Amino acid sequence: MLDINLFRENPDVVRKALRDRQMDPQIVSTVQVQDERRRQLILQVETLKAERNQVSKEISRIKDPAERQAKIEAMRLVGDRIAGLEKDLHQVEADLNQLLLTIPNLPDEQVPYGKDESENRVVRTVGEPSTLPFEARPHWELGVNLGILDFERGVKITGSRFYVLSGAGARLQRALIAWMLDLHIRQGYTEKYTPFMVKEQTLIAAGQLPKFYDNLYRDAEEDLWMVPTAEVPLTGLYMDEILEEADLPLAFTAYTPCFRREKMSAGRDVRGIKRGHQFDKVEMYVYCLPEDSADKHAKMLADAEETCALLGLTYRVVELCTGDLGFAMQRTYDLEVWSPGVQEWLEVSSISNAGDYQARRANIRYRPADGGRTRFVHTLNGSGLGLPRTLIAVLENYQQEDGSVVVPEVLRPWMGGVEVIQPVENRKEA
RNA sequence: GGAGGGAUGGCCGAGUGGACGAAGGCGGCUGUCUUGAAAACAGCUGUGGGUAUUACACCCACCGGGGGUUCGAAUCCCUCUCCCUCCGCCA
């Protein structure tokens, strides 16, 4: 949510942001009109209330019954007028709020302009896209041949885009999760285990609703929604709280499954495990002082890069242009790892600074140490790597000519010392 | 799922239609005293919004959320949420 004062004092800043995001700036004027109406109504309502309060106090002291009755009558009429105006006011405020919830964050000044993802900027590439001395197989061949990836049974029990990991495959994913969590803990993040279902308000706070309604799963009867990313419960953690400056920064890491309907991307990336309705992710999340968020963003990017580097994966850092920037974010870097089987750069992480945008929606503030007025915190989030894609990259980069897959060194402690994933002998186990 | 009891400021805890933004206590801050500290004493101690001659001014709202009754609601009524106790079910 943007500060309403921006629309009063600097509407052109908002218009430019919307244009840069390839959106219609018309809504800015609509907000201004509603805001003006709101303030007029507040002025009227409060003037009447002040009058009523004052006269009501007098009534309790008036002895003369006729005078008393006259004042009561007069105040009854004032009460009716207040009720009418308040009804209008509530409507205007609800409308205004709905409008503000649909307006995205302002891109940071340093974000390059671009109309869509084709204009994102590669900041740097670390490593060389690997060339294997034999023809690289895609993970869906590798995984099935090894007996660690079962598409047919996933489809059978749930449906299209679902799969089952088996044996060393399931264990490899679990190893990645455990290893990443431990790495992030070393990097200074505190582990959190959160609910995987949240209420609507929590999704609004994180900026997922109302915009991404179509991409979310929910219980049809209750106000319970499956999280599309750990960012949602982690943003909600401090909803409606006032932190002390001394408490900041707060840095968290959490593993959660993520559930996404992905209606809009039906038909894309149908092959393999790159895009599913359910996937696992380890997330990093930071609450900090406004003046620190750029530094924290750099640190989080470095932490995510370390994850790729320790896995021995070739990756590149991409800065998102204005047209591709996420709804709630002011600046975002994507991390993409090279995977020789699918022959593409896989987006495994998105590291974003939301500024105070989510904090406003979630109403998360802090009290400055000098005792001044409360301010909104800044929030940042970044995947410590999305699991299916990291799994793809590991399988495809570490494959050998005979179809086996070497387990990256760092993961072996979580793999019971297994160094190479070999084909499973017993077909039933697969 | 059934029955009952609760929800008040940073915390504890009073209030029962007007004098209540809310007693009292604790904690915190400031001052006096002190070489310093403690103690004692005194004062202060929430959030949001509106107005604006931007004056640490005035006004409005907030006692779990929403709605109602009333000239006036922390207080009465309805409803929702959450917590506690007991029963049932359950990994």
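Since the structure is predicted, the reported quantities are computational estimates derived from the model, not experimental observations. A note on names: the letters A, B, ... follow the listed sequences, proteins ahead of strands, and every chain is numbered from 1.
Summarising the base pairing, B:C41 is matched to B:G31 through a Watson-Crick or G-U wobble pair whose two defining distances lie under 3.5 Å. In this entry B:A19 has no Watson-Crick or G-U wobble partner, no candidate having both defining distances under 3.5 Å. For B:U85, the paired base is B:A3 (Watson-Crick or G-U wobble, both distances below 3.5 Å). The pairing partner recorded for B:G10 is B:C26, the criterion being a Watson-Crick or G-U wobble arrangement whose two distances lie under 3.5 angstrom. The partner of B:A52, taking Watson-Crick or G-U wobble pairs whose two distances both stay under 3.5 Å, does not exist in any strand shown. Of the nucleotides present, B:G68 is the one that pairs with B:C76 by Watson-Crick or G-U wobble criteria, both distances under 3.5 Å. Nucleotide B:G46: paired with B:C62 (Watson-Crick or G-U wobble, both distances less than 3.5 Å).
Ring to ring, A:H277 and A:F259 are not that close: their centroids are 6.0 angstrom or more apart.
Look at A:K49 and A:E86 and you find a salt bridge, because one of the NZ, NE, NH1 or NH2 atoms lies within 4.0 Å of a carboxylate O, short of that distance. Between A:R137 and A:E396, none of the side-chain N atoms (NZ, or NE/NH1/NH2) sits under 4.0 Å from a carboxylate O, so this pair counts as no salt bridge. Contact check on A:D303 versus A:K299 returns a salt bridge, with a Lys/Arg side-chain nitrogen under 4.0 Å from an Asp/Glu carboxylate oxygen. Ion pairing between A:D356 and A:R360 holds under the 4.0 Å rule for side-chain N and carboxylate O.
The P atoms of B:G65 and B:G10 are separated by 13 Å, rounded to the nearest whole Å. Taking atom C1' on both nucleotides, B:C90 is separated from B:U79 by 30 Å, rounded to a whole Å. B:G2 and B:G88: their P atoms are spaced 15 Å apart (whole Å). Rounded to whole Å, the C1' atom of B:C44 lies 13 Å from the corresponding atom of B:C56. The P atoms of B:A74 and B:C63 are separated by 6 Å, rounded to the nearest whole Å. Using atom P as the reference point in both B:A7 and B:G15, the two lie 11 Å apart (nearest Å). One P atom belongs to B:C87, the other to B:G24, and the distance between them is 43 Å to the nearest Å. Look at the C1' atom in both B:C11 and B:U45: the space between them is 14 Å, to the nearest Å.
Sequence order on RNA chain B of the closest nucleotides to A:Q54 and A:R38 puts A:R38 first from the 5' end. For A:I4 and A:R367, each mapped to the nucleotide of RNA chain B holding its nearest heavy atom, the one lying further toward the 5' end belongs to A:R367.
A:F327 and A:Y357 have perpendicular rings, their planes meeting at more than 60° on a 0 to 90° scale where under 30° would count as parallel.
Considering every non-hydrogen atom in both A:V198 and A:P233, the closest pair reads CG1-CB, 4.3 Å.
Counting any heavy atom pair closer than 4.0 Å across all strands shown, A:R8 reaches sugar-phosphate atoms only and no base atom. Within 4.0 Å (heavy atoms only), A:T374 reaches sugar-phosphate atoms of the nucleic acid but no base atom. When heavy atoms are screened at a 4.0 angstrom cut-off, A:K49 is found touching the sugar-phosphate backbone but no base atom.
A donor atom on one side chain and an acceptor atom on the other are not found under 3.5 Å apart for A:D247 and A:Y366.
The side-chain heavy atoms of A:E245 and A:R367, taken from C-beta on, include no pair separated by under 4.5 Å.
The closest donor-acceptor contact from the side chain of A:R361 to the backbone of A:I204 lies under 3.5 Å.
Reading RNA chain B from its 5' end, the first and the last nucleotide to sit under 4.0 Å from a heavy atom of chain A are B:G18 to B:G72.
For residues 55-68 of chain A, proximity to RNA chain B is found at A:S56, A:I59, A:S60, A:R68, defined as any non-hydrogen atom under 4.0 angstrom from a strand atom.
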